[in-house]
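Read through the structure below, which is laid out as structure tokens, and then see the notes.
Within every chain, numbering begins at 1; the chains are lettered A, B, ... in the order of the sequence lines, protein sequences first and strands thereafter. Computed from a predicted model, the values in this text were never measured in an experiment. Atoms considered below: every heavy atom in the structure, side chains included; atoms not considered: hydrogens, waters and symmetry mates.
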Amino acid sequence: MKVYASVLKLRLLIGMQYRSAALAGVATQFFWGFISIMVFEAFYEHTSITPPISLKELITYIWLQQAFLAFIMLWFRDNELFDLITSGNIAYELCRPTDLYGFWYAKLLAQRLSSALLRCYPILLVAFFLPKPYNMPLPLNAITFILFVITLLLGLLLLVAISMFLYISVFITLSPMGSLLLFGVTGEFFAGLIIPIPLMPLWLQKVAYVLPFRWTADFPFRVYSGHIAQSDAIIGVFIQLGYLLALLWLGRLALNSVLKRVVVQGG
Amino acid sequence: MSLYFKYLLILFKSQMQYRTSFWLLSIGQFFIPFSVFAGLYFLFERFGQIKGWEFFEVALCFAVIHLAFSLSECFARGFDTFSSLIIKGDFDRVLVRPRSTFLQVLGSKFEFTRIGRLLQSSIVLIWALANLPVEWSLVKAVTLLFMITSGVLIFTGIYMLAATMCFWTVQGLEVANIFTDGGREMAQYPLNIYQKWIARIFTYVIPFGTVNYLPLMFILGKTRGDEILYMLTPLAGSLFIIPCFLVWQIGVRHYRSTGS
């Protein structure tokens, strides 16, 4: 466990160095947030039906999405790992006296954490002080906030577990682009990043609720805005835990089985 | 011009060497805007309209912008990946050759896998056109053509500006994404649904408004007045590329090699 902790710490420090890149990212995300809010605002303006999620809740949803983009994006990738697999340098990794799954998991986790830590503060801070209706309100009460933090962190752990499958699939396909696109597009759609899940048609919502993707983004954000009641949120935490354990177990199994078949050629 | 087509042919052949990878990427490129379009469709299914615009009207707008974007990504990709030319020092070689730098950089890379994106937007375009009650005339058809061409030129202009920045910063700048990806994302809806300041920036500074909003109103028969004026607005938007080209020339003169 100590090894993984130090991998985490080292990678965090490395990630924190790219400050100007993060600043540019923040600017882009602001623009993105504004555009999406305005589109939804225009949709809501002349509507005759009561939408299943209020505009205020939606705006919170969008700002949280922008602030924690690194926690929820599947295409956020580590090219180093892809190179390791396709170039054959994986042999070095296999020599390490640590479990490969845990080692990579810690590395990926740290990358996402450092990237989000750099970016979320400026976005959240400004989002709180924006003029109405673009501002982001504080959570309803302390319990909601605590639940939000728990679900967000569990969501992050879950997302890293999902993204591990992406790297494992490269062992079989040897080209990261195909699986990245496939994973990225479906995963993002069902996590509610293109349109929030409550706004999808009912039949699609049913699909989204079964898949694990929504527990990474849609669920914590709606807990924050109060769209999901606290009692439901507590049940959700257990579902998140269940998914997490299952995916970790499956991922480890899959990695071990592909590693058994790896043939490293000399050179 | 013939040199440009030679570049095109060579790079096409080289990409076709990896045929499976080419098709896989093309299929993937098909699905990226597809999921965005699906989102748009579901929103209209729920709300019915957006500030008075109907689904097929917005679909037409979406198709035009995405067509323009994928065409410019396909053919002007050289400028998008320009920073790698500078970092590796390969730009020095470009400068020694007796041809214009513009042409050579443009020809340095083509992304033919964008055919997937192109196909997707073409399908949306045809679907939208088939369902819109528009009385077609030659003028309107030409306007549509102008819209797409003008969009390609604007995106290319933005790529050139971003590439020119590399002369000073060496690294590519992520901020340029606001205007390429962000511009695409924003311009897929008619401009007047946004706040005034956004609409203004994207009409007068980066002229997406002359591509999607004004001529779109004309095609859909929402305007009264001089037809020729509306038809020509995309042409006015295309002028955007001229200052971009000039800035590029200044950048080239300012260039100092990284020496690698």
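- In this structure, the portion of A:E41 lying under 4.5 Å from any heavy atom of chain B is its side chain and not its backbone.
- Residue contact with chain A, scored on non-hydrogen atoms closer than 4.5 Å, involves the side chain of B:E45 exclusively.
- Of all residues in residues 209-218 of chain B, none places a non-hydrogen atom less than 4.5 angstrom from a non-hydrogen atom of chain A.
- Proximity to chain B is absent for every atom of A:F190, based on heavy atoms less than 4.5 angstrom apart.
- Aromatic ring pairs are classed by plane angle as parallel below 30°, tilted from 30° to 60° and perpendicular above 60°; the pair B:F47 and A:Y44 is tilted.
- In terms of heavy-atom pairs under 4.5 Å with chain A, the best-connected choice from B:Q29, B:M186, B:Q195, B:E185 is B:Q195.
- Of all heavy-atom pairs spanning B:G39 and A:I194, the tightest one is CA-CG2, 4.2 Å.
- For B:L43 against A:L199, the heavy-atom pair with the smallest separation is CD2-CD1, 3.9 Å.
- The two atoms that bring B:R46 and A:M200 nearest to each other are NH2-O, 2.9 Å, heavy atoms only.
- Only the side chain of B:F202 comes within contact range of chain A, judged by heavy atoms closer than 4.5 Å.
- Crowding of A:F165 atom CZ: a count of heavy atoms from other residues, nucleotides or ligands under 6.0 Å exceeding 12.
- Counting non-hydrogen atoms of neighbouring residues, nucleotides and ligands closer than 6.0 angstrom, the CD1 atom of B:I115 reaches no more than 12 such neighbours.
- Residue A:Y121 qualifies as open at atom OH: its count of foreign heavy atoms under 6.0 Å is 12 or below.
- Interface remark: A:L204 contributes side-chain atoms only to the contact with chain B (heavy atom separation under 4.5 Å).
- Between B:F42 and A:F189, the ring planes lie tilted relative to each other; the angle falls in the 30° to 60° range.
- B:W197 and A:M38 make their closest contact through CZ2-CE, 3.8 Å (heavy atoms, listed as atom of the first residue, atom of the second, distance).
- Side chains of A:I35 and B:Y189 form no contact here, defined as non-hydrogen atoms less than 4.5 Å apart.
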For A:F34 and B:Y194, what are the C-alpha separation, side-chain angles and deciding distance, and is it a ring-ring contact (aromatic ring centres under 6.0 Å, His included)? CA-CA 10 Å; A:F34 267 119; B:Y194 299 104; over 10 Å; no

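- Of the atoms belonging to B:I198, it is side-chain heavy atoms, and not backbone ones, that fall under 4.5 Å from chain A.
- When side chains are defined from C-beta on, B:F34 does not count as touching A:V185, because their heavy atoms never get closer than 4.5 Å.
- Interface residue A:F40: only side-chain heavy atoms are found under 4.5 Å from chain B.
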